[in-house]
2 protein chains.
Amino acid sequence: MRLKTEAKPMSKNPGQDLSRRERQIMEIIYRLGRASASDVEKDLDDAPSYSAVRAHLRILEEKGHLTHEQDGPRYVFLPTVSSDVAGESALRGLLRTFFGGSREQMVAALLDSAQRDLSEDELDRMAKLIDEARKDGR
Amino acid sequence: MRLKTEAKPMSKNPGQDLSRRERQIMEIIYRLGRASASDVEKDLDDAPSYSAVRAHLRILEEKGHLTHEQDGPRYVFLPTVSSDVAGESALRGLLRTFFGGSREQMVAALLDSAQRDLSEDELDRMAKLIDEARKDGR
DNA sequence: CTCGGTATGCTAAAAAAATAGCATGAAACC
DNA sequence: GGTTTCATGCTATTTTTTTAGCATACCGAG
């Protein structure tokens, strides 16, 4: 019996110890929130065989990145680390790699890449967020 | 003669076609801006042999992600895609994967993860950025 | 000049990742 | 009840990645 999902302890920087496909699959699952093997397969542009996808899911679970629930006849996989936490962590990575640690520069890039599709409302809400951060700070 | 750096055309999503080590090395070079083989080796936590690092650099150049300049006796490698462009692209990726496309949510996470170390000034400047984006929009 | 350090070019091998195939079982369908 | 469908468990194989080793060239110190 080796179905016990013996999750190894995870590294501080999740995603660093993932192979190419594994990362690709984790992204899909984070984006979807939860997904079965066939969900993942459908979402993959260059999907290999169904078998291959399942193998990756199994390994990701062994590595402790995923867990699964039984949903009727099939498995539905979910991340073990919440989207929030993983997102923040990933954000910190980018911050360091591309923006020299400057959150300001990062926001600038974010706004810059948006331009066309940022509504007045959305900007308002962002401004409010920053304002609140300011209050919390002091 | 096969030293010609025959860069293949790159995919829209740079980083998607990189292996684990390759990604790791690209990150280092983006962070440093430019780096020699030994710079990269020093920066790697779990560095393999110097030879291995050089091999990766060569392959990354073949794939078109890096280029090199001769700096005295050694090669110095730089990304072919500017940090700005690559950063924006990576940001868009995270946006999609973890924040459901909501830039607002992303800024929230960014501020949240900052809390302790965000200065008043930095917040001011961010607010100004948003304000300017607002003006550009209309 | 010769030696030690550091670089590159090239080649080969070990390790990990990625893929595919087949047997089996349960539910849905006709 | 038979059969089609879709799922899993397990195993085998191919391909890619990752690593290391050695010969050679250059440069500056002793």
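All values below come from the heavy atoms of this structure, side chains included, with hydrogens, waters and symmetry mates left out. Chain A is the first sequence line, chain B the second, and so forth, proteins listed ahead of strands; every chain is numbered from 1.
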Linked, directly or transitively: [X] and [Y] (ILVMFWY side chains, under 4.5 Å):
{"X": "L44(A)", "Y": "L32(A)", "answer": "yes"}
{"X": "V81(A)", "Y": "I25(A)", "answer": "yes"}
{"X": "V85(B)", "Y": "L111(A)", "answer": "yes"}

Within this structure, what is the [atom1]-to-[atom2] distance between [X] and [N], rounded to whole angstrom?
{"X": "Q24(B)", "N": "dT18(D)", "atom1": "CD", "atom2": "P", "answer": "9 Å"}
{"X": "L44(A)", "N": "dA18(C)", "atom1": "CG", "atom2": "C1'", "answer": "12 Å"}
{"X": "R58(B)", "N": "dT16(D)", "atom1": "CZ", "atom2": "P", "answer": "16 Å"}
{"X": "R74(A)", "N": "dG9(D)", "atom1": "CZ", "atom2": "C1'", "answer": "17 Å"}
{"X": "E61(A)", "N": "dC10(D)", "atom1": "CD", "atom2": "P", "answer": "13 Å"}
{"X": "R23(A)", "N": "dA16(C)", "atom1": "CZ", "atom2": "C1'", "answer": "14 Å"}
{"X": "R54(B)", "N": "dC22(D)", "atom1": "CZ", "atom2": "P", "answer": "14 Å"}
{"X": "I59(B)", "N": "dT18(D)", "atom1": "CD1", "atom2": "C1'", "answer": "8 Å"}

>> Counting only heavy atoms from other residues, nucleotides and ligands, does the tally under 6.0 Å from CG of D45(A) exceed 12?
In response: no

Any [X] side-chain N or O less than 4.0 Å from OP1/OP2 of [N]:
{"X": "S49(B)", "N": "dA20(D)", "result": "yes"}
{"X": "H56(A)", "N": "dT19(C)", "result": "yes"}
{"X": "Y75(B)", "N": "dT6(C)", "result": "no"}
{"X": "Y50(A)", "N": "dT8(D)", "result": "yes"}

>> If we count only N and O atoms by modelled type, under 3.5 Å, do the side chains of E61(B) and H68(B) hold a donor and an acceptor together?
In response: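 Distance-only check passes for E61(B) and H68(B).
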
Nucleotide of [options] approaching [X] most closely (side-chain heavy atoms):
{"X": "R21(B)", "options": "dT8(C), dT19(C), dT18(D)", "answer": "dT18(D)"}
{"X": "S38(A)", "options": "dA7(D), dT8(C), dC22(C)", "answer": "dA7(D)"}
{"X": "E22(A)", "options": "dA18(C), dA20(C), dT8(C)", "answer": "dA18(C)"}
{"X": "A52(B)", "options": "dT19(C), dA20(D), dG9(C)", "answer": "dA20(D)"}
{"X": "S51(A)", "options": "dG9(C), dT8(D), dG21(C)", "answer": "dG21(C)"}
{"X": "P48(B)", "options": "dT19(D), dT18(D), dT19(C)", "answer": "dT19(D)"}

